[in-house]
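Below: one structure, written as structure tokens.
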Protein chains: 2
Amino acid sequence: MASLDRSLISGLSVFDGIALADLDRIISQARSIRIPRDQPVFEQEQEAHSFFLLLDGHVRVVKSTPDGHEVTVRYISPGELMGIASALGRTTYPANAVAAADCVVLAWPSQLWPTFAASFPSFSANTYKVVGSRLQDAHARVIEMSTEQVEQRVAHALLKLVKQSGKKTEEGILIDFPISRQDIAEMTGTTLHTVSRLLSAWEDQGLVKSGRQRVVVVEPHRLVVVAEERGSKS
Amino acid sequence: MASLDRSLISGLSVFDGIALADLDRIISQARSIRIPRDQPVFEQEQEAHSFFLLLDGHVRVVKSTPDGHEVTVRYISPGELMGIASALGRTTYPANAVAAADCVVLAWPSQLWPTFAASFPSFSANTYKVVGSRLQDAHARVIEMSTEQVEQRVAHALLKLVKQSGKKTEEGILIDFPISRQDIAEMTGTTLHTVSRLLSAWEDQGLVKSGRQRVVVVEPHRLVVVAEERGSKS
DNA sequence: CCGGCGATTTGCGCTGGCGCAAATTGCAAG
DNA sequence: CTTGCAATTTGCGCCAGCGCAAATCGCCGG
């Protein structure tokens, strides 16, 4: 792990409050790995030998059910941890992680975690903060699935992606990695058909522009309106 | 916290691997609180002043959405931790917790957490294991909501409750606290009407017996079949 | 023993969104 | 440029499950 631009890394929120010397010691024990698009980073049920920090690219975390369904748990953006099973006392990964685009990751052997946690309390605290927010996300997701219609869920999903990985272009905000209707369907618990219909409708209204594995949100504001529509029941 | 039967407490999985002396030090810093049925243990958005261990009773953890929906996140059984926001770096509780039956809880001030974590590594590890399994649960829940029909979700919910809080009776296995159709609906993302219809149907088939705020699972095996039915798609 | 109220049941009609299937399109390799 | 394949679009029919509403039922306080 010699030649990594440390200035890039030290700004990450995972390393908040960590002395530079400590940061060096942490980073020096990581391996840097390139993972080409569509290759796995780690796999469900596999022994959790490492935990990771995504430096570049995007990773899709997916759970497969025994009966063949796939549910996308989340997308990981640069700067985020993943595969931190070891911090939660698990010995296997709970999901599949595949590169949604070419990626660069740092990988630490899992057995380093206890040492890290003891030696670098801030690192541990930051990690658990991440866990906490993922738990929040998961619950938020359950709530969405329980209370919202498909249209709103898809709108929310797009907005989330935009926030996470949006890149300004002249057309609007582009989701910065290849994403198919099927992928969006797996995020929102619907079918690619329904997603396609929604995107077509939104495209007609000028809310988005989309093509093969590509979505540009033209009018985030109006999409927010769609996402919040149909409050009812109050 | 003088007079608590420590033998009861020391067996809890949260305290696995903790020396008795340490256990004493931990417990001696807790307050024991009685909470009557339907009273809150802690509330969403409120400052997370304490974290808790449920000793007796049952607690329902519920999230309220701004638009008035309520989604039940989980039920807590005796021996489980709750309100551990502080371990995840949160300063407020993420949900409401209300006593589903009269309860006894131990409460520790949140500011004790960092000390505990540092002084009793096993306690910390056990806690994070709990967090890990809750994250699992939440994801499992998302997957259920994405891939299963209402009937299967309700069946799963009942089985979960049975596993958590089932009590053998001559009729079958009773869910050991008052639970309404509405409550089950909030656990499964459906309406009390649909839950009522399902329970009625199952009652006709002899799978369950149910009454006002009361459910007895007569034939868990056959309920499991219902829960797994309709695999399809493979 | 008698209201009164919250919980539950049940009927009925409607519809969001899925399943199926066929047509079309855009990308990429040769 | 051509061919092949994967991604996408779109039409059509159907049904699980919700919304609404009315009727019952069972428990608790007085």
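Chain letters run A, B, ... following the sequence lines, proteins first, then strands; residues in each count from 1.
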Between the base of C/dT8 and the side chain of B/His193, is there any donor-acceptor pair under 3.5 Å? no
Side-chain donor/acceptor of B/Arg153 to base of D/dG17, under 3.5 Å: no
Taking the nucleotide of DNA chain D with the closest heavy atom to each, which residue, A/Arg212 or A/Ser196, is nearer the 5' end? A/Arg212
Determine the minimum heavy-atom distance between A/Pro40 and A/Ile35, stating which atoms define it. O-CG2, 4.1 Å
Among [options], the nucleotide that comes nearest once only the side chain of [X] is considered:
| X | options | result |
| --- | --- | --- |
| A/Arg197 | C/dG17, D/dG11, D/dC20 | D/dG11 |
| A/Gln213 | C/dA7, D/dG11, D/dT8 | D/dT8 |
| B/Thr190 | D/dG17, C/dG16, D/dC20 | D/dG17 |

Short side-chain N/O contact from A/Thr194 to OP1 or OP2 of C/dG16, under 4.0 Å: no
Evaluate whether atom NZ of A/Lys160 has more than 12 neighbouring non-hydrogen atoms of other residues, nucleotides or ligands under 6.0 angstrom away. yes
Rounded distance in Å - CD (A/Gln182) to C1' (D/dT9): 15 Å
Expressed in angstrom and rounded to an integer, what is the separation of A/Ile179 atom CD1 from D/dT8 atom P? 10 Å
Judged by each residue's nearest nucleotide on DNA chain C, which is more toward the 5′ side, A/Gly189 or B/Arg214? B/Arg214
Parallel, tilted or perpendicular for A/Phe52 and A/Tyr93, by the 30°/60° rule? tilted
